[in-house]
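For the single chain, residues carry numbers from 1 onward in sequence order. Worth saying up front: this structure is predicted, and the values here are computed from it rather than measured.
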Amino acid sequence: MVSIKWDVTYKCNLICGHCINGNYLTNKDNEIVYEDMVKVINKINDNIPVGYIHFWGGEPLTHPDILPFFKYLETQGIQFGFNTNGLLLNEKNFEYLASLNCLTNIVVSLEGPTAEVNDAIRGRNIFNVIMKRIRMISAYKRENPDCKIKIVVNTVITSMNYGTIGDIIDLCVREDVDSLQLLEFIEDGNGVGKNYSLTDEMFMEAITTVAKRFTLGCDGLEIVPKFCRPLVKDYIEKCLHLKFPLVIHGCGAGATTLFLDNKGNVYPCDRSRKYYNRQYSLLDEDFFSVWESEDFKLPFSRYYGDELYRTLIPCNGCKYLGDVCFPCHLSREADVDAVMHNCNLLDNMMKEVDGNEL
């Protein structure tokens, strides 16, 4: 069974300051239509069962055929979810979406607990719209307790909002959000040159805030701090004597997951497309000829085929490596230090505690 991330469109009604797909947002020519979308998904599903599809962009709801295609997935029994900035998610189309049993989650982007913080990144007057959409879904779920749609809030942790994490958690609890995904800022797309990356001090404050709130309990809110790696849990428990959710950085690229762009080209993951000299279109090519190609196996086979992280401290002694943490091997080698930086920081702090206890 395979899971799919699908950038179904690069049209968007916002220009967010940290959008990782900023370089692709003008790539709108030859965007596939309903018939081609059905052809692509059938070609995959006829060979390997599709367990879940998550739609990104751009803004997925700008695609004129997205709602009919969601209905098609319903007829095939394929579960799906989508990211949205909320601007086009109104009561009419939400009523339609809520009727689809295969829709499992709606992911809403929110960068801060107030208009001042959020709108500095996402645009003027966006915060109030997002809150209306979250409350609309929450109200529906309260009135329809059998509704299985999860409300997920995505927050990219940056130098602009790291100090508001506690307030964001409070907001999500108050508004009956099911899951809060705290994402890592990646300096790509619109984020290049923005100085949004966290300093060591900002990072430590952010994980400490999450730990304190997680330890106290969050009234059913799931907190997923993807901006850090699983070694944080060991540091928090050992040095601060608090609790921290286990962070999973698993990678099934080319094995259990794949990525589709807005033209039906398929890749192991979204980051891998920059490394390919050609495109593999499922509109034209046989699925298994792509799936079994050496290019398509590159990310996952490279992880198991070299010793890059297994020879580096602290990865070489980390119990999470290869279990729930798979550092990306498609990063430029110059990026390896950045990938490992926070783990090195925490590892050294834990060693200092060990030394003081001797």
Side-chain angles (χ1 to χ4, degrees), residues 1 3-9 11-14 33-35 37-38 40-42 45 49-111 118 122 125-155 168-169 171-181 183 218-224 260 262:
M1 189 167 287
S3 295
I4 298 171
K5 175 183 176 182
W6 196 339
D7 280 359
V8 70
T9 182
K11 294 191 292 288
C12 196
N13 43 12
L14 290 179
V33 296
Y34 175 84
E35 292 77 11
M37 294 161 73
V38 170
V40 165
I41 205 63
N42 285 348
N45 200 39
V50 175
Y52 178 77
I53 305 174
H54 197 82
F55 293 91
W56 299 62
E59 168 56 50
L61 293 180
T62 64
H63 196 295
D65 297 328
I66 196 65
L67 295 183
F69 186 62
F70 285 171
K71 183 64 175 180
Y72 178 76
L73 295 179
E74 178 84 358
T75 67
Q76 302 302 299
I78 298 174
Q79 292 189 335
F80 66 94
F82 64 94
N83 273 52
T84 181
N85 57 38
L87 294 183
L88 298 178
L89 185 63
N90 53 45
E91 290 186 3
K92 182 178 180 180
N93 59 29
F94 176 70
E95 182 179 355
Y96 172 80
L97 290 167
S99 71
L100 303 177
N101 293 323
C102 286
L103 173 59
T104 61
N105 58 76
I106 297 177
V107 182
V108 181
S109 298
L110 182 70
E111 307 307 332
N118 180 82
R122 302 198 66 82
N125 299 324
I126 301 304
F127 178 79
N128 291 332
V129 174
I130 294 171
M131 294 310 303
K132 286 181 181 178
R133 303 305 184 251
I134 291 174
R135 289 165 182 160
M136 174 184 70
I137 303 172
S138 294
Y140 180 88
K141 291 183 63 176
R142 285 192 293 271
E143 295 169 2
N144 299 271
D146 292 335
C147 178
K148 298 179 181 178
I149 299 173
K150 288 186 177 181
I151 309 172
V152 182
V153 166
N154 266 6
T155 301
I168 293 172
I169 293 172
L171 181 150
C172 289
V173 170
R174 189 167 60 247
E175 302 296 342
D176 295 324
V177 170
D178 295 296
S179 181
L180 172 61
Q181 310 265 341
L183 307 180
C218 297
D219 296 327
L221 174 69
E222 176 191 39
I223 301 178
V224 186
L260 292 167
N262 65 329

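Taking the salt bridge (Lys or Arg N to Asp or Glu O under 4.0 Å) definition, one finds that Lys150 meets it with nothing, sequence neighbours left out. Contacts of Asp7 classified as side-chain hydrogen bond (donor to acceptor under 3.5 Å, both in side chains), with partners at least two apart in sequence or in another chain: Tyr10, Asn21. Residues satisfying the side chain to side chain contact (heavy atoms under 4.5 Å, CB included) criterion with Gln79, sequence neighbours excluded, are Tyr52, Thr104. The side-chain hydrogen bond (donor to acceptor under 3.5 Å, both in side chains) search around Asn262 returns none, not counting sequence neighbours. For the side-chain hydrogen bond (donor to acceptor under 3.5 Å, both in side chains) test, no residue two or more places apart in sequence or in another chain qualifies with Tyr34. Phe94 pairs by the ring-ring contact (aromatic ring centres under 6.0 Å, His included) definition with Tyr140, not counting sequence neighbours. Scored by the salt bridge (Lys or Arg N to Asp or Glu O under 4.0 Å) test, Glu59 finds no partners at all (sequence neighbours excluded). For Val224, the side chain to side chain contact (heavy atoms under 4.5 Å, CB included) partners two or more places apart in sequence, or in a different chain, are Ser179, Gln181, Glu222, Lys226. Residues passing the side-chain hydrogen bond (donor to acceptor under 3.5 Å, both in side chains) test with Glu74: none are found, sequence neighbours excluded. Under the ring-ring contact (aromatic ring centres under 6.0 Å, His included) criterion, Phe80 pairs with Phe70, not counting sequence neighbours.
Using cut-offs of 30° and 60° on the angle between ring planes, the pair Trp56 and His54 is perpendicular.
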Checklist entry - Going through the distances and angles, do Ile151 and Ile106 end up as a side-chain contact (heavy atoms from CB on, under 4.5 Å)? => result CA-CA 5 Å; Ile151 309 172; Ile106 297 177; over 6 Å; no

Next on the checklist: Under the criterion side-chain contact (heavy atoms from CB on, under 4.5 Å), I'd like the reasoning laid out for Ile149 against Asn105: C-alpha separation, chi angles, the key distance, then a yes or no.
Outcome noted: CA-CA 5 Å; Ile149 299 173; Asn105 58 76; 5.6 Å; no

Next on the checklist: side-chain contact (heavy atoms from CB on, under 4.5 Å), that's the test. Do Thr155 and Leu183 meet it? Break it down for me.
Outcome noted: CA-CA 6 Å; Thr155 301; Leu183 307 180; over 6 Å; no

Next on the checklist: Test side-chain contact (heavy atoms from CB on, under 4.5 Å) on Ile130 and Val153; report intermediate values, then the result.
Outcome noted: CA-CA 10 Å; Ile130 294 171; Val153 166; over 6 Å; no

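Asn144 places no side-chain N or O within 3.5 Å of a backbone atom of Asp146 that could act as its donor or acceptor partner.
Aromatic ring centres of Phe69 and Trp6 lie closer together than 6.0 Å.
Within the structure, the salt bridge (charged side-chain N to carboxylate O under 4.0 Å, His left out) test picks out the following pairs touching residues 135-145 (sequence neighbours left out): Arg135-Glu175, Lys141-Asp178, Arg142-Asp176.
Counting only heavy atoms from C-beta outward, the side chains of Asn118 and Ile126 approach each other to under 4.5 Å.
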Mind listing the side-chain donor-acceptor pairs of residues 96-103 below 3.5 Å, one per line with the distance, residues two or more places apart or on another chain?
residue, atom, partner, partner atom, Å
Tyr96, OH, Leu67, O, 3.3
Ser99, OG, Tyr96, O, 2.5

